[in-house]
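These notes concern the structure reproduced below.
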Amino acid sequence: MTTLTQPSVLPAANDACWCGSGRKYKRCHKSSEGRVQAGIVSPRREVPSTIARPPYADSGEVVRWNESAIKSPEIIERMRHAGAMAREVLRLAGQAVKPGVTTDEIDKLVHELCIERDAYPSPLNYMGYPKSVCTSVNEVICHGIPDSRKLAEGDIVNIDVTCFVGGVHGDTNATFGVGQIDTESRELIRVTEECTWRGIEAVQPGRPLSDIGRAIEDHAKLHKLGVVRAFVGHGIGEQFHTDIQVLHYFDSRNSVVMRPGMTFTIEPMITLGTWQHKMWDDDWTAVTADGKRTAQFEHTVLVTETGAEVLTGGAGAVSGFSPLAK
Ligand code: MF3
Ligand code: CO
Ligand code: CO
């Protein structure tokens, strides 16, 4: 078998594509240039039977039940533990990011780090998701599936870790640069983390959830960046996702009032261009419609009497792009 390779001199946008399809170059191979290409997904990793599994682990089916939005002190204590663990696993996974490392190798690492800590990696078989972590490169907005693609110098990659331990989930993510990255990507990552913290700072008992989206959207707009609308933050606890939705843009209909004891994620996805997305054929990988880069940071937060406690927080930055991290 031979593979058709791209010639060194490319046609003009309206000329025939170099591949011989007869279509205009702009309607054919031009659209995939410089875009992330899917690699090969490795066989499923096993979790030892001694580790407590969430209800979907074997079937892949997620059956939701009615879980109180306000958590008991005992559940909150368990969520602190799961949150701190997810943060640590994310930090260690971030340290493994370098040119030449495959996203599958990051999956293997996250899988093993969870198991070592007696945690089940929550993504594994969640609605059939095939891996233990999400790795979203460059224009991939979220839910990128780890595969044989090697990280390349200049890429950006979001790693989204969720640990299920003590019967509850802790969910956090961060975007990392691979080697040296360009200034625009650096700024995108920096402002996206700021957006996440602006959202966290808007958490206040007695106020509607829409305050969070307003704070995030205002900050993104100030920097002329887009806010993805199709994916939102979520209630979390004994279930990975509960019915609470946290929009990352302002919508007055996001009117649920924050109450002490509520737990949810804030996880804005911010883009260099359009907020609109497209799905890959794998039905998981969401990419920006214009192919421009996008970044994300996520924390699991608890509403307190006075504001927010960041259950996946802690001292020090996770990514190294963290002027506001606390
Ligand atoms: N961790 C993601 C979130 O922030 C969810 C991943 S679901 C999976 O909500 F199935 F893709 F793993
Ligand atoms: Co989440
Ligand atoms: Co997540």
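Owing to the predicted nature of the structure, the values given are computational and were not obtained by experimental measurement. Order of appearance sets the numbers: ligands from 1, and atoms from 1 within every ligand.
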**Asked** For residues Tyr129 and His143, is any side-chain donor paired with an opposing acceptor at under 3.5 Å?
**Response** no
**Asked** Does the N or O separation between Glu298 and ligand 1 drop below 3.5 Å for any pair?
**Response** yes
**Message:** With respect to Glu267, determine whether any N or O atom, backbone or side chain, lies less than 3.5 Å from an N or O atom of ligand 1.
**Reply:** yes
**Donor-acceptor pair between Thr172 and Arg87 side chains, under 3.5 angstrom** = no
**Prompt:** Do Ser136 and Asn158 meet the criterion of a side-chain donor-acceptor pair at a distance under 3.5 Å?
**Reply:** no
**Message:** Quick test of your reading of the structure: of Tyr129, Phe231, Tyr56, whose heavy atom lies closest to atom 8 (C) of ligand 1?
**Reply:** Tyr129
**Request:** Evaluate side chain to side chain donor-acceptor pair (under 3.5 Å) for Ser210 paired with Asn254, printing each intermediate quantity in order.
**Result:** CA-CA 5 Å; Ser210 58; Asn254 200 201; over 6 Å; no
**Request:** Please say which of Arg44, Arg149, Arg45 ends up in a salt bridge (Lys or Arg N to Asp or Glu O under 4.0 Å) with Asp104.
**Result:** Arg45
**Prompt:** Quick one: does Trp284 get an N or O within less than 3.5 Å of an N or O on ligand 1?
**Reply:** no
**Request:** Report, in ascending order of atom number, the atoms of ligand 1 lying under 4.0 Å from any heavy atom of Thr162.
**Result:** 1 (N)
**Item:** Atom indices of ligand 1, in the order listed, that fall short of 4.0 Å to a heavy atom of His241
**Value:** 3 (C), 5 (C), 9 (O)
**Message:** Under a 3.5 Å threshold, yes or no: a donor from one side chain and an acceptor from the other, between Glu153 and Gln180?
**Reply:** no
**Item:** Heteroatom distance test (Asp171, ligand 1): nitrogen or oxygen, under 3.5 angstrom
**Value:** yes
**Asked** Is ligand 1 under 4.0 Å from a heavy atom in the side chain of Cys134, in the backbone, in both, or in neither?
**Response** side chain
**His234 near ligand 1 by a heavy-atom separation under 4.0 Å** = yes
**Item:** Heavy-atom nearest neighbour in the protein, as seen from atom 5 (C) of ligand 1, with distance rounded to 0.1 Å
**Value:** Phe240 CZ, 3.7 Å
**Request:** Can you measure from CD1 (Ile270) to CD1 (Ile189) and round to the nearest 0.5 angstrom?
**Result:** 13.0 Å
**Prompt:** Any N/O/S atom, backbone or side chain, of His241 lying under 2.8 Å from the Co ion (ligand 2)?
**Reply:** no
**Request:** Looking at Glu267, pick out the N, O or S atom nearest to the Co ion (ligand 2) and give its name.
**Result:** OE2
**Message:** Under a 4.0 angstrom heavy-atom cut-off, which atoms of ligand 1 come close to Pro123?
**Reply:** 12 (F)
**Prompt:** Quick one: are the ring centres of His248 and Phe231 less than 6.0 Å apart?
**Reply:** no
**Prompt:** Regarding Arg53 and the six-membered ring of Tyr120, is the cationic atom NZ or CZ under 6.0 Å from the ring centre and inside 45° of its axis?
**Reply:** no
**Prompt:** Is Asp171 close enough that one of its N/O/S atoms sits under 2.8 Å from the Co ion (ligand 3)?
**Reply:** yes
**Item:** the Co ion (ligand 3) - closest N/O/S atom in Glu298
**Value:** OE1
**Under 3.5 Å side-chain donor-acceptor pair for Lys150 and Thr103** = no
**Prompt:** Does an N or O from Asp160, backbone or side chain, lie closer than 3.5 Å to an N or O of ligand 1?
**Reply:** yes
